[in-house]
Each structure stands twice: as structure tokens, then as C-alpha cells.
Number of protein chains: 2
Amino acid sequence: MSIIYDISKGVIAVNQVKDYRKAAKLTQFELAQAVGVARQTINLVENGKYNPSLDLCIRLAKVLQTDLNQLFWEE
Amino acid sequence: MSIIYDISKGVIAVNQVKDYRKAAKLTQFELAQAVGVARQTINLVENGKYNPSLDLCIRLAKVLQTDLNQLFWEE
DNA sequence: CTAAAATGTCATATATAATTGACATTTAGG
DNA sequence: CCTAAATGTCAATTATATATGACATTTTAG
């Protein structure tokens with residue numbers, strides 16, 4: 001269910017955004033609106049295709065009512 | 001000692017990087033080398049002048065032996 | 001006090017995050 | 001099934017994170 005580190009597919013980072021978004025019953029579009037970015041940006045973040053800015057990470061954590069570690073920290 | 005939110009001075013974010021760096025007895029230059037960025041980038045991050053990428057935040061947390069919440073989360 | 005190291009900052013250049021629009025594929029409900 | 005919503009993805013553009021070099025100021029050690 002969660003993203004796995006896989007250079008061959010261009011995945012560069014693991015995160016729990018999708019799980020938290022679904023738990024909050026939000027679509028990618030709704031989450032995008034809530035944090036003020038485009039839907040594609042949320043899609044790319046969820047699929048680990050690039051590094052979001054710290055500012056976006058913080059807004060995601062706040063909207064999803066969690067914190068940076070829960071969303072983006074592992075180990 | 002820690003950065004205060006102050007739009008008038010262009011400060012956009014609060015973080016504890018400087019405190020953790022000093023606790024680790026590293027210079028900005030040494031920390032920059034350790035995480036693979038320019039010294040100026042560390043300086044700007046410490047002074048809250050812009051949003052670092054999540055990737056850089058994670059590397060900073062690892063080198064400073066802490067985590068994302070300790071460095072960048074508040075409240 | 002003095003010199004070297006560390007830090008703050010500026011200006012220019014480059015890499016990449018994020019936007020916009022569009023379309024194909026997948027998923028969920030009637 | 002069928003259809004609409006949701007998602008994945010592509011291409012082109014814009015905004016901004018980061019690099020590089022340089023220099024002034026502040027801090028630290030001798």
C-alpha cells in the first residue's frame with residue numbers, strides 16, 4: 001500500500017500522504033485545494049516523484065492533522 | 001536565540017537548525033559539506049529565508065541526529 | 001589588539017518544484 | 001454493465017530552491 005523506494009520507477013521518497021488523505025476521506029483535488037497547490041502536485045508527492053518544499057510538507061501535515069514525522073520520517 | 005517569524009525582515013519559517021548545528025559543534029561550512037549543499041544554503045535555511053526541500057530537511061535531520069519534528073515542527 | 005575563521009549577504013546562473021491544460025486509465029456507484 | 005469521478009501521466013511554462021563567487025561584517029583564538 002505504501003510507496004517503496006524504487007529508483008527504476010523514478011520513485012525518490014516514501015511518505016504516508018496517501019494513507020492520511022484517504023483516512024481523511026479527501027480526494028487529491030480536495031487536498032490540493034486545502035493546501036493551495038495543483039492536483040498534479042499532490043499526485044506527484046503521493047507517488048514519491050519529487051521533493052516537496054518544507055512549506056508544502058507543513059501545510060499537508062496540518063491539513064491532515066498529523067505532523068512531519070508521521071508523514072515523511074522513517075526509521 | 002531562535003528565529004522569530006518576521007515578514008518585514010523576509011523571514012518565512014522558524015527552525016532549530018542553528019541550535020542543533022552548534023550543539024554538534026559544526027560550522028555552517030561543515031554542515032553544508034555533510035549534507036551536500038552550499039554554505040550559503042545552510043545560512044539561508046538557518047535564518048529562515050526560504051523553504052528547503054524535504055530531501056534537504058531529511059539529510060539535515062540525519063546528520064544532526066534528530067528528526068523532522070525537532071528541526072522544523074512547532075506547536 | 002590582531003589576524004583568521006565564521007557568518008551574513010548580494011548578484012548572477014542553473015536545477016527543479018509547481019502550474020496549467022489535456023487526455024488516458026482506473027475506480028466507484030447507480 | 002455504464003457512466004462519472006478519481007487518478008496517473010505528459011508536455012510546456014513559471015516560480016523558486018540551490019550553486020557559485022565575491023566581499024563586508026562579526027566572532028573567536030592567539
Side-chain angles (χ1 to χ4, degrees), chain A residues 1-64 67-68 71-74, chain B residues 1-64 67-68 71-74:
Chain A
M1 188 65 74
S2 52
I3 312 294
I4 296 178
Y5 194 102
D6 184 351
I7 291 182
S8 69
K9 290 183 182 174
V11 177
I12 57 180
V14 178
N15 67 69
Q16 308 304 132
V17 173
K18 176 177 280 186
D19 290 343
Y20 274 85
R21 175 176 61 80
K22 294 209 163 181
K25 296 194 184 298
L26 294 172
T27 67
Q28 291 182 347
F29 179 70
E30 291 168 330
L31 179 55
Q33 284 188 311
V35 298
V37 296
R39 179 183 65 84
Q40 287 87 336
T41 300
I42 299 297
N43 192 317
L44 290 170
V45 169
E46 285 190 354
N47 293 313
K49 295 294 179 56
Y50 63 39
N51 295 320
S53 67
L54 173 61
D55 182 59
L56 175 53
C57 293
I58 290 174
R59 277 179 286 153
L60 285 169
K62 286 183 176 173
V63 166
L64 296 174
D67 59 42
L68 291 173
L71 283 186
F72 302 105
W73 189 251
E74 40 187 345
Chain B
M1 191 63 76
S2 51
I3 311 295
I4 297 178
Y5 194 103
D6 186 350
I7 291 182
S8 69
K9 290 183 181 173
V11 175
I12 58 178
V14 179
N15 69 68
Q16 309 303 133
V17 172
K18 176 176 280 186
D19 290 342
Y20 275 85
R21 174 177 61 80
K22 293 209 162 181
K25 295 193 184 299
L26 295 171
T27 66
Q28 291 182 346
F29 179 72
E30 291 169 331
L31 179 55
Q33 284 188 310
V35 298
V37 297
R39 179 184 65 81
Q40 287 86 335
T41 299
I42 299 297
N43 192 318
L44 290 171
V45 169
E46 285 191 354
N47 292 312
K49 296 293 180 60
Y50 63 41
N51 295 319
S53 68
L54 174 60
D55 183 59
L56 175 53
C57 292
I58 290 174
R59 278 178 285 151
L60 285 169
K62 287 184 176 171
V63 166
L64 296 175
D67 58 44
L68 291 173
L71 283 186
F72 302 105
W73 190 251
E74 41 186 345

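Order of the sequence lines sets the chain letters (A, B, ...), proteins ahead of strands, with each chain counted from 1. Below, each value reflects all heavy atoms present in this structure, side chains not excepted, and no hydrogens, waters or symmetry copies.
Mapping B:Lys22 and B:Pro52 onto DNA chain D via the closest heavy atom, the residue that lands nearer the 5' end is B:Pro52. If B:Ser53 and B:Asn43 are placed on DNA chain C by their nearest nucleotide, the residue sitting closer to the 5' end is B:Asn43.
Atom C1' of nucleotide C:dT19 and atom CD1 of A:Ile42 are separated by 13 Å, given to the nearest angstrom. Summarising the geometry, the separation between CG on B:Asn47 and C1' on D:dT25 is reported as 14 Å, rounded to the nearest angstrom. Across the protein-nucleic acid pair, A:Leu44 atom CG and C:dT20 atom C1' stand 13 Å apart, rounded to whole Å. Taking atom CG of A:Leu60 as the reference point, atom C1' of C:dA17 lies 14 Å away to the nearest angstrom. Spacing between atom CG of B:Leu54 and atom P of C:dA17 amounts to 11 Å, rounded to whole angstrom units. To the nearest angstrom, C1' of D:dA6 lies 15 Å from NZ of A:Lys25. Rounded to whole Å, atom P of D:dT18 lies 9 Å from atom CG of A:Asn51. Protein atom CD of B:Glu46 is 14 Å distant from nucleotide atom P of C:dA6, rounded to whole Å.
The OG1 atom of A:Thr27 lies 11.0 Å from the NZ atom of A:Lys22; values are rounded to the nearest 0.5 Å.
Distances shorter than 4.0 Å separate none of the side-chain N or O atoms of A:Arg59 from OP1 or OP2 on C:dA18. At the phosphate of D:dT9, OP1 or OP2 sits under 4.0 Å from a side-chain N or O atom of A:Lys49.
Of all the heavy atoms in B:Leu68 and B:Ala61, the pair that sits closest is N-CB, 4.1 Å. A pairwise comparison of heavy atoms in B:Ala24 and B:Leu64 identifies CB-CD2, 4.3 Å as the closest pair. B:Arg21 approaches B:Leu26 most closely through the heavy-atom pair NH1-O, 2.9 Å. Taking both residues in full, the closest heavy atoms of B:Thr41 and B:Leu56 are given as CG2-CD2, 3.9 Å, listed atom of the first, atom of the second, then distance.
In this structure a side-chain-to-backbone donor-acceptor pair under 3.5 Å is missing from B:Arg39 to B:Gln28. Without hydrogens or angle criteria, B:Asn15 side chain to B:Val45 main chain gives a donor-acceptor distance under 3.5 Å.
Of the residues in residues 28-41 of chain B, those placing a heavy atom less than 4.0 Å from an atom of DNA chain C are B:Gln28, B:Arg39, B:Gln40, in numerical order.
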